[in-house]
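Structure, as structure tokens:
Worth knowing before you read on, the calculation uses all heavy atoms, side chains too, and leaves out hydrogens, waters and symmetry mates. The first residue of the sequence shown is numbered 1, and numbering continues consecutively from there.
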Amino acid sequence: MLVLLCALPGQAQVPTVAEFEAAVDAVRPLAATQGLSLRTDGLWLELLRSGTPMMALRRGPACHIGYSAYLAQRRYAALFPELPPKQALAWLDALVHHELMHCANVAPAGVAAVAGTSESATAGAAVVAQEALADLAFAQHLDSVTPEADTLIMRLIDLREKAASRDPKHATAGALSCYLKHPQRRDVPQLGELSWLARLRIWQHRCASAQPP
């Protein structure tokens, strides 16, 4: 994969390929609990077509997580903000957890319409729900690895709020704010016996009706 490794000061802090690969390696045991193997070499063309720096795609039991810095820098400043080194690595690890969730919680090929709702609206709601689940995976991982989780989760909320009008499928600020302020957020033992995906689905249910702040 051809990668441009420069970051523009004050605009973006682009991870190196080595940092990305390390973040993926760290999540392999979690992927295995979901019956998934991880690959990082199969999405170069998809990344170019979509203009997205990082994405995931499931093909059978393989979860492909792709990353490229060889795209327009204007797309990087929000996704990879300038952060202190430890926060930057925690942020990158959380992004990989977000992408893994997309593989672990693959939506059915067809989305049925519910009564009184058009099929396109139902499909759109399903996409937002999928992104909310992935963002909750991002937030919950930060809670497990850094005491500065609140600061980083709030940064993602701000990112989602600012992009909501042009990127409605990522309108997840309400669910993230619900999680951030929820009185049961720190009650880890209560859900400790459940799988990673099951715990996150409970959080999705708790915050499903939350609206953007």
Which distance, rounded to the nearest 0.5 Å, do you find between the [atom1] of [X] and the [atom2] of [Y]?
X: Arg206; Y: Leu200; atom1: CZ; atom2: CG; result: 11.0 Å
X: Cys207; Y: Leu133; atom1: SG; atom2: CG; result: 11.5 Å
X: Ser37; Y: His64; atom1: OG; atom2: NE2; result: 7.5 Å
X: Leu197; Y: Met101; atom1: CG; atom2: CE; result: 5.0 Å
X: Leu142; Y: Leu156; atom1: CG; atom2: CG; result: 8.5 Å
X: Glu148; Y: Ile153; atom1: CD; atom2: CD1; result: 12.0 Å

Salt bridge present between Glu46 and Arg59 (N-O < 4.0 angstrom): yes
Write down the atom of [X], the atom of [Y], and the distance for their closest heavy-atom approach.
X: Arg58; Y: Cys103; value: NH1-O, 3.0 Å
X: Ala31; Y: Leu100; value: CB-CD1, 3.8 Å
X: Ala171; Y: Val128; value: O-CG1, 3.9 Å
X: Ala90; Y: Val145; value: CB-CG2, 4.3 Å
X: His141; Y: Asp93; value: NE2-CB, 3.4 Å
X: Pro81; Y: Arg155; value: CB-NH1, 3.3 Å

Parallel, tilted or perpendicular, as decided by the 30° and 60° cut-offs, for the rings of Trp196 and His97: perpendicular
same_hphob_cluster(Leu83, Phe138) at 4.5 Å side-chain heavy-atom cutoff: yes
For [Y], is there any backbone N or O sitting under 3.5 Å from a side-chain donor or acceptor partner on [X]?
X: Glu131; Y: Lys169; result: no
X: Thr52; Y: Met55; result: no
X: Thr33; Y: Leu30; result: yes

Residues forming a side chain to side chain contact (heavy atoms under 4.5 Å, CB included) with Lys162, sequence neighbours excluded: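 Side chain to side chain contact (heavy atoms under 4.5 Å, CB included) list for Lys162, sorted by chain: Asp158.
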Residues Leu79, Leu95; criterion side chain to side chain contact (heavy atoms under 4.5 Å, CB included); working and verdict: CA-CA 9 Å; Leu79 188 62; Leu95 287 177; 3.9 Å; yes
Pair Phe80 and Trp91, ring centroids less than 6.0 Å apart: no
Check: Thr146 and Lys86 side chains under 4.5 Å, non-hydrogen atoms: no
Side chains of Leu92 and Met54 in contact at under 4.5 Å (non-hydrogen atoms): yes
Any residue meeting ring pair (Phe, Tyr, Trp, His ring centres under 6.0 Å) with His98, in chain and number order, not counting sequence neighbours: His102
ring-ring contact (aromatic ring centres under 6.0 Å, His included): pairs with one or both residues in residues 23-42, sequence neighbours excluded: none
Pairs flagged by ring-ring contact (aromatic ring centres under 6.0 Å, His included) wherever residues 142-181 is involved - sequence neighbours left out: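 Passing the test, one end in residues 142-181: Tyr179-Trp203.
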Using residues 18-28 as the side-chain source, report each donor-acceptor pair under 3.5 Å to any protein atom, sequence neighbours left out, with the distance given to one decimal.
residue : atom : partner : partner atom : Å
Glu19   : OE1  : Thr16   : N            : 3.0
Glu21   : OE1  : Thr40   : OG1          : 3.3
Glu21   : OE2  : Thr40   : OG1          : 2.9
Asp25   : OD1  : Arg28   : NE           : 2.8
Asp25   : OD1  : Arg28   : NH2          : 3.4
Arg28   : NH1  : Leu38   : O            : 2.8

Verdict with supporting geometry, Asp150 and Arg185, salt bridge (Lys or Arg N to Asp or Glu O under 4.0 Å): CA-CA 11 Å; Asp150 284 24; Arg185 176 181 165 201; 2.7 Å; yes
With Gln34 via side-chain hydrogen bond (donor to acceptor under 3.5 Å, both in side chains) - residues at least two apart: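 For Gln34, no residue satisfies side-chain hydrogen bond (donor to acceptor under 3.5 Å, both in side chains) once neighbours in sequence are set aside.
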Among Gln130, Arg160, Gln140, Gln204, the one residue meeting side chain to side chain donor-acceptor pair (under 3.5 Å) with Asp135: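 Answer after filtering Gln130, Arg160, Gln140, Gln204: Arg160.
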